[in-house]
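No hydrogens, no waters, no symmetry mates; every other heavy atom, side chains included, goes into these values. We count residues from 1, following the sequence as given.
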Amino acid sequence: IADDASLALLGTPGSVKFVDYCYTGHTGGIASAILNMLGYPTANMKYGIVAWTRDATARTPSGTVPDLSKNFTVETTARTAPATNKLPVLSFPDVKTARDVVKLAARAYLSDAIMKPVIGAQELFDNLNDGNTANDPFIISVRKPEDYAKGHIPGAINIPWDKIALEENMKMIPTDRDIVVYCYTGHTGAVAAAVLGTLGYHRVKNLKYGMAGWTQDATV
């Protein structure tokens, strides 16, 4: 989405408003976040093609109906992390504009072989319960503080999605661990993941379907 040939199709930044969509809303959220950072006002269609049609051929195997059958444990204990981590370093010699920095940083994130846009609830649960805490990801709830307080994935800290790029919050996020972000349904989580990825946290994944994919607790 950040390649020059792709951006050339969109015209002058800011001249048109766009809506993008993917299969279930997750990679669409990443794309829309990057386009907005590059100056193209873009909204992501919630739940993607799955919300638009029941045509199985159009949905394709990747556009599966959300799996909301899981009912994993949540906790209400507030977690914090020390703001002592170094920030990622972005280096693009001879780049003259801030927009070009964003464009090249987004390309580096999207093309990195270690980048995986989403992680399923079952995969995350299995990781957290495999008896090896050394491989546990750093988990960030990007929901509102009042919703974080109602219940969150065990071990998760809280940074609302629209505060994810503040320096004091970024300093809480490690650069040497896998990171999992989650929201309500996977959409603002995708935005947060795209922002972090563009800022150099390439080991960030968005929890597919967010908290709705983790628990059936209606309060949470």
Ignoring hydrogens and angles, tell me if any N or O in the side chain of His187 forms a donor-acceptor pair with the backbone of Tyr47 under 3.5 Å. yes
Check: Asp100/Thr97 side-chain N/O donor and acceptor closer than 3.5 Å: yes
Enter the distance from Ile34:CD1 to Thr198:OG1 here, rounded to the nearest 0.5 Å. 4.5 Å
So do the side chains of Tyr109 and His202 get within less than 4.5 Å of each other, counting heavy atoms only? yes
Do Asn85 and Thr175 come within less than 4.5 Å of each other through their side chains, counting heavy atoms only? no
Out of curiosity, Arg99 CZ to Leu104 CG, how far, rounded to the nearest 0.5 Å? 10.5 Å
Measure the shortest side-chain to side-chain distance between Arg59 and Arg54 over non-hydrogen atoms and say whether it is less than 4.5 angstrom. yes
Does the side chain of Val191 reach to within under 4.5 Å of the side chain of Asn36, using non-hydrogen atoms? no
With a 4.5 Å limit on heavy-atom distance, are the side chains of Leu10 and Val16 in contact? no
Are Ile173 and Tyr201 close enough that some pair of their side-chain heavy atoms sits under 4.5 Å apart? yes
Can a salt bridge be assigned to the pair Asp217 and Lys150 using a cut-off of 4.0 Å between side-chain N and carboxylate O? no
Please answer whether the main-chain N or O of Ala156 pairs with a side-chain N or O of Arg79 as donor and acceptor at a distance below 3.5 Å. no
On the 0 to 90° scale, with breaks at 30° and 60°, tag the Phe125-Phe72 ring pair as parallel, tilted or perpendicular. parallel
Check step by step if side chain to side chain contact (heavy atoms under 4.5 Å, CB included) holds for Asn127 and Asp136. CA-CA 6 Å; Asn127 185 336; Asp136 287 357; 3.6 Å; yes
Would you confirm whether Asp112, through its side chain, and Ile114, through its main-chain N or O, come within 3.5 Å as a donor-acceptor pair? yes
Which of Leu128, Thr73, Val180, Val74 passes side-chain contact (heavy atoms from CB on, under 4.5 Å) with Ile153? It is Leu128
Step through the shown structure and confirm whether more than 12 heavy atoms of other residues, nucleotides or ligands are within 6.0 Å of CZ on Phe138. yes
Apply the test side chain to side chain contact (heavy atoms under 4.5 Å, CB included) to residues Tyr182 and Leu124: give CA-CA distance (whole Å), side-chain angles for both, the deciding distance (0.1 Å), then the verdict. CA-CA 11 Å; Tyr182 74 90; Leu124 177 59; over 6 Å; no
Begin with the C-alpha distance, continue with both residues' side-chain angles, and end with the deciding distance and a verdict on side chain to side chain contact (heavy atoms under 4.5 Å, CB included) for Lys46 and Thr185. CA-CA 9 Å; Lys46 198 164 187 178; Thr185 59; 3.6 Å; yes
Just one of Lys70, Lys116, Lys208 clears the salt bridge (charged side-chain N to carboxylate O under 4.0 Å, His left out) bar with Glu123, so which one? Lys116
Crowding at CD, Glu167 (>12 non-hydrogen neighbours, <6.0 Å): no
Could you tell me whether the side chain of His152 and the main chain of Ile140 form a donor-acceptor pair under 3.5 Å? no
Do Ile30 and Leu110 have side chains that get closer than 4.5 Å, going by heavy atoms? yes
What's the verdict on side chain to side chain contact (heavy atoms under 4.5 Å, CB included) for Asp3 and Arg107, showing C-alpha distance, side-chain angles and the deciding distance? CA-CA 7 Å; Asp3 290 352; Arg107 286 183 195 168; 4.0 Å; yes
Criterion side-chain contact (heavy atoms from CB on, under 4.5 Å) against Met170, the qualifying member of Ile159, Leu199, Val195, Ile164: Leu199
Measure from the side-chain N and O atoms of Thr42 to the backbone N and O of Tyr40, and report whether any donor-acceptor pair falls under 3.5 Å. yes
Any Asp178 side-chain heavy atom under 4.5 Å of Arg203 side chain: yes
